[in-house]
Amino acid sequence: MAAEWRGEGGQDQGARPYQEDSWALRTLPDGSMLAVIADGMGGHAGGAVASKLVVDAFLKALEGGRPLAEGLQDANAAVKAGAVAKAELAGMGSTLLAALVKDDKVHWISVGDSPFYLVANGRLERLNSDHSFAPQIDAMVERGMITAEEAANHPGRHTLREAVMGEPLTLIDEGNRRLDAGAILLLCSDGVESLPHEQIAAAAPHPVRRLVEMVPAVGKPHQDNVTIIKLERQK
């Protein structure tokens, strides 16, 4: 029997004066479910424009029957064209995280630091790579070079090593996984990282709005935008 998937999403502006995240959830003609999140950068105008260009171009490609990798390239080209068209948008960019689920399998692609989590048996596992400097900074903690508190507040922690900016992409994470019934996938912008992993895992089975609202409730100064899409395998 074919697996059934349910999806829902939500977002919060956090403590920022504007929303730079964009997201979409679609059922494609072949019955698969597509989720995509883009976290923009480049200031109020640039970040919001870039994330929307990324999501719109990616959706158009996938709805036209093209694969994830080609959707990413179209999204990258769309950002480049947008920046060329308006000088004030030069330097804008975005992360991209997309997942395609059908039957018992998920395929994903990502650029940037937007986390993609699997929650199964009450445990949280990150499936995609983090293309920021956070992994290197955390490695410095493991080597005793800096403290965990210094790592958490490091000014370079959220600096991206790769983003969708219209330039050739050198860091792209792609993967696939077979999933058991009851598995939950969470596509998130990095604002969700204000929450400990155990809290994310505990809230995952509930409506996604609960998890979204937990992030600003932490009260973190300068809380980033947060967007979460949940995909849940029903059987």
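In the hydrophobic clustering of this structure, Trp23 does not group with Leu96; members are Ile, Leu, Val, Met, Phe, Trp, Tyr whose side-chain heavy atoms approach within less than 4.5 Å, directly or through other members. There is no path of hydrophobic side-chain contacts, each under 4.5 Å, that joins Leu231 to Val36. Linking ILVMFWY side-chain heavy atoms closer than 4.5 Å, directly or via other members, places Leu187 and Val111 in two distinct hydrophobic clusters. Val101 and Leu127 fall within a single hydrophobic cluster, where Ile, Leu, Val, Met, Phe, Trp and Tyr are joined by side-chain heavy atoms under 4.5 Å apart, directly or via other members.
With salt bridges taken as basic N to acidic carboxylate O contacts below 4.0 Å, one links Arg6 and Glu8.
Applying the side chain to side chain donor-acceptor pair (under 3.5 Å) criterion to Glu232, with sequence neighbours excluded, gives no partner residue. Here Phe116 pairs with Trp108 under the ring-ring contact (aromatic ring centres under 6.0 Å, His included) rule; sequence neighbours left out. Under the rule for a side chain to side chain contact (heavy atoms under 4.5 Å, CB included), the partners of Asp30 that lie at least two apart in sequence or sit in another chain are Leu28, Ser32, Lys102. By the side chain to side chain donor-acceptor pair (under 3.5 Å) test, Asn176 pairs with no residue at all, sequence neighbours left out. Legend: residues meeting side chain to side chain contact (heavy atoms under 4.5 Å, CB included) with Pro196, ordered by chain and number and at least two apart, are Glu198, Gln199. By the side chain to side chain contact (heavy atoms under 4.5 Å, CB included) test, Glu213 pairs with Arg209, sequence neighbours left out. With sequence neighbours left out, Ser22 forms a side chain to side chain contact (heavy atoms under 4.5 Å, CB included) with Ser51, Lys52, Val55. With sequence neighbours left out, the side chain to side chain donor-acceptor pair (under 3.5 Å) criterion links Ser94 to no other residue. Checked against side chain to side chain donor-acceptor pair (under 3.5 Å), Asp21 has the following partners two or more places apart in sequence or in another chain: Ser189, Thr227.
Of the options Leu34, Ile229, Ile37, a side-chain contact (heavy atoms from CB on, under 4.5 Å) to Leu25 is made by Ile229 and by none of the others.
The backbone N or O of Gly191 lies less than 3.5 Å from a partner atom in the side chain of Gln223, making a donor-acceptor pair. Looking only at distances, no side-chain donor or acceptor of Trp5 sits under 3.5 Å from a matching main-chain atom of Asp104.
Rounding to the nearest 0.5 Å gives a distance of 10.0 Å between OG1 of Thr27 and CD of Glu63. Rounded to the nearest 0.5 angstrom, Met33 CE and Leu185 CG are separated by 11.5 Å. Within the model, atoms CG of Asp130 and CG of Asp173 stand 10.0 Å from one another, a figure rounded to the nearest 0.5 Å. The CZ atom of Arg233 lies 10.0 Å from the CD atom of Glu4; values are rounded to the nearest 0.5 Å.
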inquiry  = For a side-chain contact (heavy atoms from CB on, under 4.5 Å) check, start with the C-alpha distance between Phe58 and Val164, then their side-chain angles and the critical distance, and finish with the verdict.
reply    = CA-CA 12 Å; Phe58 193 88; Val164 182; over 6 Å; no

key: Full working for side-chain contact (heavy atoms from CB on, under 4.5 Å) between Leu160 and His131   = CA-CA 6 Å; Leu160 294 179; His131 297 149; 5.6 Å; no

query = Could you walk me through whether Val106 and Leu118 pass the side-chain contact (heavy atoms from CB on, under 4.5 Å) check?
reply = CA-CA 11 Å; Val106 58; Leu118 166 65; over 6 Å; no

Return a table of donor-acceptor pairs under 3.5 angstrom between the side chains of residues 69-84 and protein atoms on other chains or two or more places apart.
from: Glu70; atom 1: OE1; to: Arg66; atom 2: NE; distance (Å): 2.9
from: Glu70; atom 1: OE1; to: Arg66; atom 2: NH2; distance (Å): 3.4
from: Asp74; atom 1: OD1; to: Arg66; atom 2: NH2; distance (Å): 3.2
from: Asp74; atom 1: OD2; to: Arg66; atom 2: NH1; distance (Å): 2.5
from: Asp74; atom 1: OD2; to: Arg66; atom 2: NH2; distance (Å): 3.4
from: Asn76; atom 1: OD1; to: Met165; atom 2: N; distance (Å): 3.4
from: Asn76; atom 1: OD1; to: Gly166; atom 2: N; distance (Å): 2.7
from: Asn76; atom 1: ND2; to: Glu167; atom 2: O; distance (Å): 2.8

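Closest approach of Ala163 to Leu169, counting heavy atoms only: O-CD2, 3.4 Å. For the pair Pro216 and Asp12, the tightest heavy-atom approach, listed with the atom from each and the gap, is CG-OD1, 3.8 Å. Across every non-hydrogen atom of Leu171 and Arg161, the tightest pair is CD1-NH1, 3.8 Å. Ser114 approaches Cys188 most closely through the heavy-atom pair CB-O, 3.1 Å. Across Leu97 and Ser110, no two heavy atoms sit closer than the pair CD1-CB, 3.8 Å.
Residue pairs meeting the salt bridge (Lys or Arg N to Asp or Glu O under 4.0 Å) criterion with at least one member in residues 183-194, sequence neighbours excluded, are Arg126-Glu193.
At least one side-chain heavy atom of Asp39 sits under 4.5 Å from a side-chain heavy atom of Asp224.
The number of heavy-atom neighbours closer than 6.0 Å to CD of Glu149, taken from other residues, nucleotides and ligands shown, is 12 or below.
Here Val119 is tied into one hydrophobic group with Tyr117, Leu124, Ile184, Leu186, Val192, Leu195, Ile200, Val208, Leu211, Val212, Met214, Val215, Val218, Val226, Ile228, each link being a pair of ILVMFWY side chains closer than 4.5 Å.
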